[in-house]
Amino acid sequence: MYDTIIIGAGPAGMTAALYAARSNLKVALLERGIYGGQMNNTAEIENYPGYDNISGPELAEKMFAPLDKFGVEHLFGQVVRVETDGPVKRVVTEDTTLEAHTIVLAMGAKHRLLGVPGEDTYNSRGVSYCAVCDGAFFRGQDLLVVGGGDSAVEEALFLTQFANTVTIVHRRDELRAQKVIQERAFANEKIQFIWDSVVEEIKGDDIKVQEVLIKNVKTGQVTTHAFGGVFIYVGLDPMTEAVLDLGITDEQGWVVTDEQMATRQSGIFAIGDIRQKQLRQITTAVGDGAIAGQEVYHYITDHVK
Ligand code: FAD
Ligand code: NAP
C-alpha cells in the first residue's frame with residue numbers, strides 16, 4: 001500500500017514525487033516510457049527560470065536526479081484504469097494492480113492528429129510529429145509545418161538547421177505563438193508562410209511523402225506543393241483514457257481540479273498538462289506538482305495517519 005502513486009513522470013509527476021517523498025511518504029512514480037515526458041521532444045528550453053538555454057532531455061535528467069535520494073520508488077507500466085473504492089484507490093496496469101491512499105494523475109497530453117488523407121499512410125514516411133526526433137533525416141529538403149502555435153513555430157525554427165526551406169501553413173492570418181518566437185520566424189530567411197490555409201491531403205509514392213494539397217479557406221482554391229516532409233503541430237489532447245469513468249473530466253477530456261489540484265474524487269489529484277488550464281508549460285507543470293505533493297501529505301495526515 002503506497003501513500004501515493006503518481007502516474008506519469010513528466011515535469012509535473014517528478015515534482016510531485018519530490019515534494020511527497022520529502023514529506024516522508026511512501027511514493028511510487030509510475031511511467032510507461034522514459035522519464036521527462038514531452039520535454040524529451042524539445043531541443044531547446046529558454047523559458048525555464050535559472051537556465052538560459054537547456055535541452056529537454058538534460059532538464060529531465062536534472063529533475064530525475066534527486067528522486068532516488070528521497071526514496072521514490074520507480075515503477076514501469078501502462079496504466080489502463082484507475083478505481084476508487086472509498087479510502088482505497090487502485091491503479092490497474094497491463095500487468096498488475098497497485099493500491100494507494102491517494103493517486104496523482106500526471107499523464108500529460110499527446111499531439112493531436114490532423115485527420116486528413118495520407119497522414120496515416122505516410123506516418124514515419126515523411127509525416128512526423130517530432131522535429132527533434134526526425135528533423136535530421138530531412139537534410140536539404142523542403143518541409144511543411146502545420147499549425148500556428150508555439151510548437152509549430154518553434155519546431156519550424158529548429159528544422160531550418162537541416163532543411164532547404166520550411167513552410168508554415170496556418171489556418172488563420174495570425175500566429176498563436178508567443179511574440180518572441182514569431183519574430184524569430186519572421187526574421188528567418190528559410191521560413192515562409194501560407195496563410196488562411198489548411199492541408200487537404202498528403203500524397204506520395206510507395207516510399208515517402210512527395211506533395212501536399214493545400215486549400216485556401218477564404219477562396220476555396222486548392223493548390224499542390226512539393227514537400228519532402230510534413231511536421232504536424234495542431235495542438236494537444238489529454239491522456240485521460242484511463243480515468244474517463246471517474247467523472248472528473250470536462251467535455252474535451254481535460255481533468256477538472258480546484259486550486260489545490262484536487263479532483264471531484266476525494267484523494268485523487270491531477271497536475272500538469274492533463275488539467276483543464278490556460279497555460280501548459282514546464283513551469284506551470286512543476287508548480288502544480290509542488291502543490292499536489294504537499295496536498296497529498298495533508299490528505300494522508302487528515303485521513304490516514
Ligand atoms: P508530460 O510531459 O506530457 O508527461 C506525461 C508523462 O505521463 C509521459 O512521460 C507519459 O509517458 C506518461 N503517461 C501518459 N499516460 C500514461 C499511462 N496511461 N500510464 C503511464 N504513464 C503514462 N514548455 C515549456 O515550458 N517550454 C518549452 O520550450 C516547451 N517546448 C515544447 C516543445 C514541444 C514540441 C512540446 C510538445 C511541448 C513543449 N512544452 C514546452 C510544453 C511542456 O513540454 C509541457 O507543458 C510539459 O511537459 C507538461 O508536463 P506534464 O508532466 O504535465 O506532462
Ligand atoms: P496550441 O497552442 O493549441 O496550437 C495549436 C495550433 O494548431 C493553433 O495555431 C491552431 O490554430 C492550429 N490548429 C488546431 N487544429 C488545427 C487543424 N485541424 N488544422 C490546422 N490547424 C489547426 O498547441 P501547441 O502549439 O502544440 O502548444 C501546446 C502547449 O504547449 C501550449 O500551451 C504551448 O504554449 C506549450 N508550448 C510552449 C512552448 C514554449 O513555451 N516555448 C513551446 C511549445 C509548446 P488556431 O491558432 O487557429 O487555433
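Order of listing sets the numbers, starting from 1, for every ligand and every atom in it.
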Close-contact set for ligand 1 against Met239 heavy atoms, below 4.0 Å: 14 (C), 15 (N)
Numbered atoms of ligand 1 (with element) below 4.0 Å of Ala285, judged on heavy atoms: 49 (O)
What do you reckon, does Asn41 have a nitrogen or oxygen under 3.5 Å from a nitrogen or oxygen of ligand 1? no
Going by the atom numbers of ligand 2, which of them fall below 4.0 Å from some non-hydrogen atom of Gln178? 39 (C), 40 (O), 41 (N)
Please give me the minimum heavy-atom distance between Gly140 and Asn164, naming the atom from each residue. O-CB, 3.4 Å
Nearest neighbour in protein (non-hydrogen) for atom 21 (N) of ligand 2: Val234 CG1, 3.5 Å
Of Asp288, Thr284, Ile282, the residue with the heavy atom nearest atom 25 (O) of ligand 1 is Ile282
Under 4.0 Å from any heavy atom of Tyr233, which atoms of ligand 2 are there? 6 (C), 7 (O)
Which of the numbered atoms in ligand 1 are below 4.0 angstrom from a heavy atom of Gly77? 19 (N), 20 (C)
Note the single closest protein heavy atom to atom 17 (C) of ligand 2, along with its residue, its atom name and the distance in Å. Arg171 NH1, 3.7 Å
Determine if the distance from atom 39 (N) of ligand 1 to the closest protein heavy atom is below 4.0 Å. no
Ignoring angles and geometry beyond distance, decide whether Ile45 reaches within less than 3.5 Å of ligand 1 through its nitrogen or oxygen atoms. no
Glu154 heavy atoms within 4.0 Å reach ligand 1 at atoms 28 (O), 30 (N)
Does an N or O from Tyr233, backbone or side chain, lie closer than 3.5 Å to an N or O of ligand 1? no
Restricting to non-hydrogen atoms, name the atom on Ile103 and the atom on Ile7 that form the minimum distance, rounded to 0.1 Å. CG2-CD1, 3.9 Å
I need the contact type for Leu175 against ligand 2. Using non-hydrogen atoms and a strict under-4.0 Å cut-off, is it side chain, backbone, both or neither? neither
Heavy atoms of Ser197 and Ile214 approach each other most closely as CB-CG2, 3.6 Å
Atoms of ligand 2 close to Arg172 [distance to a heavy atom under 4.0 angstrom, numbered from 1]: 45 (P), 46 (O), 47 (O)
Consider only side-chain heavy atoms of I, L, V, M, F, W and Y, link residues closer than 4.5 Å, and tell whether Phe137 and Leu144 are in one cluster. no
May I ask you to decide if Asp273's main-chain N or O and Arg280's side chain share a donor-acceptor pair within less than 3.5 Å? yes
Using the ring of Phe162 (Phe, Tyr or Trp, six-membered ring only), decide whether Arg139 places NZ or CZ under 6.0 Å from its centre and within 45 degrees of its axis. no
Can you find an N or O of Gln38 that's nearer than 3.5 Å to an N or O of ligand 1? yes
Any N/O pair Ile274/ligand 1 closer than 3.5 Å: no
What is the closest protein heavy atom to atom 26 (O) of ligand 2, and at what distance does it sit? Ser151 OG, 2.9 Å
What's the spacing between Ile291 CD1 and Tyr19 OH if we round to 0.5 Å? 9.5 Å
In terms of residue, atom name and distance, what is the protein heavy atom nearest to atom 19 (N) of ligand 2? Leu114 CD1, 3.6 Å
Assess the pair Phe64 and His74: is the distance between their ring centroids shorter than 6.0 Å? yes
Examine distances only and state if a side-chain atom of Thr93 and a backbone atom of Thr96 form a donor-acceptor pair shorter than 3.5 Å. yes
Check against salt bridge (Lys or Arg N to Asp or Glu O under 4.0 Å), Arg81 and Glu241: CA-CA 8 Å; Arg81 202 167 61 251; Glu241 294 90 342; over 6 Å; no
Between Gln161 (side chain only) and Phe158 (backbone N and O only), is there a donor and an acceptor less than 3.5 Å apart? yes
For the 3.5 Å polar cut-off, considering only N or O atoms, please tell me whether Gly148 and ligand 2 meet it. yes
For atom 33 (C) of ligand 2, what is the closest protein heavy atom, and at what distance to 0.1 Å? Asp150 OD2, 3.5 Å
What residue and heavy atom of the protein are closest to atom 45 (O) of ligand 1, and at what distance? Asp273 OD1, 2.9 Å
Heavy atom of the protein closest to atom 37 (C) of ligand 2 (residue, atom name, distance): Gln281 NE2, 2.8 Å
At under 4.0 Å between heavy atoms, what of His170 touches ligand 2? The answer is side chain
Backbone or side chain, does any N or O of Pro11 fall under 3.5 Å from an N or O of ligand 1? yes
How far is atom 8 (C) of ligand 2 from its nearest protein heavy atom, and which residue and atom name does that atom have? Arg176 NE, 3.7 Å
What part of Leu236 sits under 4.0 Å from ligand 2 if we count only heavy atoms: the side chain, the backbone, both or neither? side chain
Heteroatom proximity flag, Glu31 to ligand 1, N/O under 3.5 Å: yes
Check each atom of ligand 2 against the heavy atoms of Asn47 and keep those under 4.0 Å away; list them by number with element. 39 (C), 40 (O), 41 (N)
Per-atom filter on ligand 1: closer than 4.0 angstrom to a heavy atom of Gly37 are 2 (O), 4 (O), 8 (C), 9 (O)
Write out the residue and atom name of the closest protein heavy atom to atom 3 (O) of ligand 2, then the distance separating them to 0.1 Å. Gly235 CA, 3.8 Å
Atom indices of ligand 1, in the order listed, that fall short of 4.0 Å to a heavy atom of Ala106: 5 (C), 6 (C), 7 (O)
Are any of the N/O atoms on Asn47, whether in the backbone or the side chain, positioned under 3.5 angstrom from an N/O atom of ligand 1? yes
Please could you name the atoms of ligand 1 that Gly272 approaches to less than 4.0 Å, counting only its heavy atoms? 52 (O)
If you count the atoms of ligand 1 from 1 in the order shown, which ones are under 4.0 Å from a heavy atom of Gln78? 18 (N), 19 (N)
